[in-house]
Every structure is written in C-alpha cells, then in structure tokens.
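Working notes, beginning with the structure itself.
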Amino acid sequence: MDKVLSEVSRVLSPEGIFISFTFAQPYFRKPLYARSKFNWSVNHRTFGETFHYFLYIMQKGQSLSPEDLAKEKLRTSVPQENDKLQRNFGDVNEVPEDENYLLNIDL
C-alpha cells in the first residue's frame, strides 16, 4: 500500500486531489493515508446509515492537520507490532512445508 500511495503522490499534480471510497474505517485507513511524506492533507466523510462506507480526500500541497501530524509522530516513535513479530519469529513465508496449514488443506 505504501508503494501505491507513494506513486499516487508522485504523479498527482500540485494541488491535485486523490479520492478513495472504502469500507475501511478511519481508525484503520487514516494511518496509511495521513503521512507527511505524501505532502497532502487528508479529510474523510462517512456515508450510510446502518452499513457505513467512507470517502477519503487527499489534496496535494496541503499540510496534514495538527492531530494527524501528532498521530504520525507517535506511530513512528513506537516500534510497530509487525516489526516486533518479524524480529521474534522471522519471515512467515519461511514456514516449513509440513507446518504450513494452507498447503495441507484438502479441497
């Protein structure tokens, strides 16, 4: 996802707008979008009454909100859980074939 967003940011014209419709809630999606390296602001809107979907609007050349900047700083200052797991357990793709449950499923 980081590579995709980096490319979007790279090709987006100055003051261009990138929009994304998704079912992913802001708690999960906004940390991916709200990164100062993309050089865009992030706003979102919620639609739907019982089943929600979300519109994210990123505008190139605009600053992140102070709240998003603070959250980004917190995220980058604390080691991510996936990084800890990677260090403790190694690459999940290196599971021996006889222990890989996906390869052992008979359909």
Side-chain angles (χ1 to χ4, degrees):
M1 183 68 138
D2 186 64
K3 285 184 179 184
V4 170
L5 294 174
S6 292
E7 283 299 299
V8 169
S9 176
R10 184 182 69 79
V11 300
L12 199 60
S13 65
E15 306 209 13
I17 295 175
F18 169 57
I19 62 171
S20 172
F21 276 105
T22 179
F23 293 112
Q25 298 174 0
Y27 177 82
F28 299 104
R29 190 54 57 118
K30 211 161 180 200
L32 298 173
Y33 291 148
R35 301 174 91 182
S36 54
K37 72 178 187 175
F38 298 137
N39 190 32
W40 58 38
S41 61
V42 179
N43 293 297
H44 75 278
R45 306 280 188 277
T46 302
F47 297 94
E49 293 180 18
T50 56
F51 194 71
H52 295 102
Y53 54 100
F54 306 90
L55 169 67
Y56 296 90
I57 305 162
M58 284 67 72
Q59 185 168 5
K60 185 81 174 194
Q62 302 291 317
S63 299
L64 291 174
S65 70
E67 178 185 348
D68 287 337
L69 283 170
K71 287 180 180 180
E72 179 185 36
K73 185 176 179 182
L74 180 62
R75 280 192 312 272
T76 57
S77 67
V78 177
Q80 299 295 313
E81 286 300 314
N82 288 341
D83 295 341
K84 290 180 192 175
L85 290 173
Q86 182 70 26
R87 286 193 301 273
N88 292 335
F89 298 108
D91 187 353
V92 294
N93 294 319
E94 295 177 4
V95 176
E97 193 171 308
D98 61 336
E99 293 181 19
N100 190 327
Y101 74 94
L102 290 176
L103 292 177
N104 293 318
I105 295 175
D106 290 324
L107 299 176

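Heads up: numbering here begins at 1 and tracks the sequence. In this text, all values refer to a predicted model and were calculated from it rather than measured experimentally.
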Residues which pass side-chain hydrogen bond (donor to acceptor under 3.5 Å, both in side chains) with Ser9, listed by chain and number, not counting sequence neighbours: Lys60
Quick test of your reading: applying salt bridge (charged side-chain N to carboxylate O under 4.0 Å, His left out), list the pairs with at least one residue in residues 44-56, sequence neighbours left out, ordered by first then second residue. none
With a cutoff of under 4.5 Å between side-chain heavy atoms, which Ile, Leu, Val, Met, Phe, Trp and Tyr residues group with Leu55? Ile17, Ile19, Phe21, Phe23, Phe47, Phe51, Tyr53, Ile57
State which residues pass side-chain contact (heavy atoms from CB on, under 4.5 Å) with Ser63; sequence neighbours excluded, sorted by chain then number. none
So which pairs with a foot in residues 16-27 pass side-chain hydrogen bond (donor to acceptor under 3.5 Å, both in side chains), sequence neighbours left out? Ser20-Tyr33
Common cluster, Leu64/Leu74, ILVMFWY with side-chain heavy-atom separation under 4.5 Å: no
Counterpart residues, side-chain hydrogen bond (donor to acceptor under 3.5 Å, both in side chains), relative to Lys3 (two or more places apart): none
Could you work out, with salt bridge (charged side-chain N to carboxylate O under 4.0 Å, His left out) as the rule, every residue matching Glu67, not counting sequence neighbours? Lys71
Between Leu69 and Ser36 the two heavy atoms that sit nearest each other are CD2-CB, 4.4 Å
By ring-ring contact (aromatic ring centres under 6.0 Å, His included), Phe54 pairs with (sequence neighbours left out) none
Mind checking salt bridge (charged side-chain N to carboxylate O under 4.0 Å, His left out) for Glu15 and listing every partner two or more places apart, or none if nothing turns up? none
Quick one: OG on Ser77 to CD on Glu72, what's the gap to the nearest 0.5 Å? 10.5 Å
Which residues pass the salt bridge (charged side-chain N to carboxylate O under 4.0 Å, His left out) test with Arg10, sequence neighbours left out? Glu7
Within residues 18-35 or reaching into it, pairs that qualify as salt bridge (charged side-chain N to carboxylate O under 4.0 Å, His left out) - sequence neighbours excluded: Asp2-Arg35, Lys30-Asp68
Just how far is it from atom CZ of Phe18 to atom CG of Leu5, taken to the nearest 0.5 Å? 6.0 Å
